[in-house]
Amino acid sequence: IYYQLGQGEKAEKQIEELKKQSKPGDPGRQTLGLIYLRHGKIDESIAELDLIVTAWPDDHKSRYYLATAYEEKEKMEEAIHHFSLVGRESKYYINAQIHIAYILENQKKYDEAIDVLQKAIEIKENQPQLYLMLASIYEAKKEYGKAIESIEKGLKQDDKNVDLLFRLGVVLDKSNQKEKCLEQMRRILEINPDHADALNYIGYTYAEQGIRLNEAMDLIERALKLKPNSGYIIDSLGWVYYQKGLYDEALDKLEKASSLTPDDPTIPEHLGDVYLKKKKYQKSLEMYQKALSLNHPDREKLEQKIEEVKKFLK
């Protein structure tokens with residue numbers, strides 16, 4: 001609490017009192033290691049937790065958070081080592097396997113990550129989050145069929161899991177099955193009518209296709225009431241305005257979306273399209289180039305837009 005109040009000196013005094021009551025490696029010092037971790041004192045956290053797991057190798061909670069500290073410090077090999085030692089009987093086992101898979105995915109070691117998750121599923125087959133993570137790795141590999149298969153196996157364990165249903169909809173969309181995607185999003189709304197991301201996804205899909213724009217606006221505005229500071233949802237609303245030909249309103253929403261979500265490549269592309277309609281060609285070019293720099297998934301389409309807008313600047 002002292003740390004959260006910004007009263008560091010008082011916090012340190014409490015820590016010193018705790019240290020007087022125990023010795024390094026004492027399981028009671030686990031709390032101290034977690035306090036350090038929570039407040040960004042990573043080296044101190046590692047020092048405390050490492051001593052505990054050295055003395056008490058079966059302390060899976062300390063082991064899990066030691067691995068988390070190494071992950072925060074970007075020492076990934078040490079993190080994987082300790083996550084892998086979290087026992088299957090521990091409540092931290094599932095999250096430990098997901099962390100390992102996430103690290104391996106970021107290292108582009110997709111097959112190793114898949115192997116980790118498949119082995120975990122053999123042990124804990126009733127855990128939907130394992131299927132979700134497995135699907136995300138197949139999705140990263142653009143193996144959409146295997147991603148869909150993984151999600152469907154997860155849904156056999158929990159057919160009303162909205163996280164799995166939402167991911168299924170996204171993957172179906174990426175595999176050019178728009179209507180099946182929308183079916184999943186509508187299914188989510190039957191379970192949870194206030195699922196903001198599903199509301200937004202349906203609305204944006206309509207906007208993207210230039211159809212049912214009034215319905216799209218209603219859905220997106222419902223989503224925005226639930227998540228008023230979501231750059232993605234505000235972008236969707238801006239895109240509905242664009243499709244309606246209301247370019248000033250579109251610009252206002254898209255600029256706000258860009259400020260909230262500066263690293264998304266689709267939003268500057270949308271801004272580029274609006275500026276093009278408003279004949280602000282230099283601004284349009286700048287936005288397209290920004291979208292390209294943010295690793296836009298369709299570089300070819302964006303490069304074509306850049307060449308087109310350059311013609312207006314000559």
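Numbering of residues begins at 1 and proceeds along the displayed sequence.
Ring pair Y64/F83: centre-to-centre distance below 6.0 Å. Proximity of the aromatic rings of Y247 and Y242 is defined here by a centroid distance below 6.0 angstrom, and this criterion is met.
For K141, the NZ atom is densely surrounded, since the number of other residues' heavy atoms within 6.0 Å is greater than 12. More than 12 heavy atoms of other residues, nucleotides or ligands lie within 6.0 Å of CG in L313, so this atom counts as buried by the packing criterion. For NZ of K244, the number of neighbouring non-hydrogen atoms (other residues, nucleotides, ligands) closer than 6.0 Å is greater than 12. Other residues, nucleotides and ligands place more than 12 heavy atoms under 6.0 Å from the OH atom of Y110. In Q118, the CD atom is crowded: over 12 heavy atoms of neighbouring residues, nucleotides or ligands sit closer than 6.0 Å. The local environment of CD in E74 is sparse, with at most 12 non-hydrogen atoms from other residues, nucleotides or ligands closer than 6.0 Å. Within a 6.0 Å sphere centred on CZ of R186, other residues, nucleotides and ligands contribute more than 12 heavy atoms.
Side-chain contact check for K311 versus K314: every heavy-atom pair is 4.5 Å or farther apart. In this structure the side chain of D197 reaches within 4.5 angstrom of the side chain of K227, judged on heavy atoms. The shortest distance between side-chain heavy atoms of I137 and M133 falls below 4.5 Å. Residues N161 and L132 form no side-chain contact, since every pair of their non-hydrogen atoms from C-beta on lies 4.5 Å or further apart. When side chains are defined from C-beta on, K290 counts as touching S258, because their heavy atoms get closer than 4.5 Å. Contact check for D248 versus K278: side-chain heavy atoms found under the 4.5 Å cut-off. In this structure, E255 and I234 have side chains that are not in contact, with every pair of non-hydrogen atoms separated by 4.5 Å or more. By the 4.5 Å heavy-atom criterion applied to side chains, S150 and Y138 are counted as neighbours.
Here the closest non-hydrogen pair linking A101 and A113 is O-CB, 3.7 Å. Contact between L117 and Q97 at its shortest, heavy atoms only, is CD2-O, 4.4 Å. Among all heavy-atom pairs drawn from L199 and P193, the shortest one is CD1-O, 3.9 Å. The two atoms that bring A257 and G231 nearest to each other are CB-O, 3.3 Å, heavy atoms only. The shortest heavy-atom contact between G238 and A250 is O-CB, 3.4 Å. Across all their heavy atoms, L189 and H195 have their closest contact at CD2-O, 3.9 Å.
K41 and E48 are not joined by a salt bridge, as no carboxylate oxygen comes within less than 4.0 angstrom of a charged side-chain nitrogen. Salt-bridge annotation for E122 and K119: absent, with no side-chain N of the basic residue lying under 4.0 Å from a carboxylate O of the acidic one. Ion pairing between K253 and D235 fails under the 4.0 Å rule for side-chain N and carboxylate O. Taking a cutoff of 4.0 Å between a charged side-chain nitrogen and a carboxylate oxygen, E139 and R167 qualify as a salt bridge. Salt-bridge annotation for K277 and D273: absent, with no side-chain N of the basic residue lying under 4.0 Å from a carboxylate O of the acidic one.
Tracing side-chain contacts under 4.5 Å through hydrophobic residues (I, L, V, M, F, W, Y), one reaches W239 starting from M287; they form part of the same cluster. Note on I123: it does not cluster hydrophobically with L85, by side-chain heavy-atom contacts below 4.5 Å among ILVMFWY residues. Cluster annotation: Y131 is connected to L168 through the hydrophobic network of ILVMFWY side chains, with a link wherever side-chain heavy atoms come within less than 4.5 Å. Note on L260: it does not cluster hydrophobically with I267, by side-chain heavy-atom contacts below 4.5 Å among ILVMFWY residues. If you chain together hydrophobic residues whose side chains sit under 4.5 Å apart, I121 and I148 fall into the same group.
Remark: of the listed residues Y288, F312, Y275, F312 is the sole one forming a ring pair (Phe, Tyr, Trp, His ring centres under 6.0 Å) with Y281. Among E208, Q209, E183, the one residue that satisfies the side chain to side chain donor-acceptor pair (under 3.5 Å) test with K178 is E208.
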Start with the C-alpha distance between D173 and Y201, add both sets of side-chain angles, then the distance that settles side chain to side chain donor-acceptor pair (under 3.5 Å), and finish with yes or no. CA-CA 10 Å; D173 189 8; Y201 211 102; 2.6 Å; yes
Just do the side-chain contact (heavy atoms from CB on, under 4.5 Å) check on K19 and E16 with the steps written out, would you? CA-CA 5 Å; K19 286 181 177 179; E16 289 306 314; 3.9 Å; yes
Step by step, would you call D298 with E300 a side-chain contact (heavy atoms from CB on, under 4.5 Å)? CA-CA 6 Å; D298 193 342; E300 185 178 345; 4.0 Å; yes
Between E269 and K305, does the side-chain contact (heavy atoms from CB on, under 4.5 Å) criterion hold? Intermediate values first, please. CA-CA 9 Å; E269 181 194 7; K305 289 186 176 185; 2.8 Å; yes
Run the side-chain contact (heavy atoms from CB on, under 4.5 Å) test on S136 and Y102 for me, step by step, so that the C-alpha distance in whole Å, both residues' side-chain angles and the decisive distance to 0.1 Å come before the verdict. CA-CA 10 Å; S136 78; Y102 179 75; over 6 Å; no
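For the atom pair D59 CG and T54 OG1, the distance stands at 11.0 Å (nearest 0.5 Å). Here the CG atom belonging to L302 is positioned 9.5 Å from the OG atom belonging to S293, to the nearest 0.5 angstrom. In this structure, CD in Q107 is found 7.0 Å from CE in M76, a value given to the nearest 0.5 Å. One distance of note links CZ of R212 with CG of L219; it measures 8.5 Å at 0.5 Å rounding. Taking CZ of F166 as the start and CD1 of I188 as the end, the distance is 6.5 Å to the nearest 0.5 Å. Distance CD/E44 to OH/Y36: 6.0 Å, rounded to 0.5 Å.
Using a 30° and 60° split on the angle between ring planes, H270 and Y204 fall in the tilted class, from 30° to 60°.
S45 places a side-chain N or O within 3.5 Å of a backbone atom of G33 that can act as its donor or acceptor partner. In this structure, H60 contributes its side chain and G87 its backbone to a donor-acceptor pair below 3.5 Å. Between the side chain of R88 and the backbone N or O of Y93 there is no donor-acceptor pair closer than 3.5 Å.
Residues that satisfy the ring pair (Phe, Tyr, Trp, His ring centres under 6.0 Å) test with Y70, not counting sequence neighbours, are H82.
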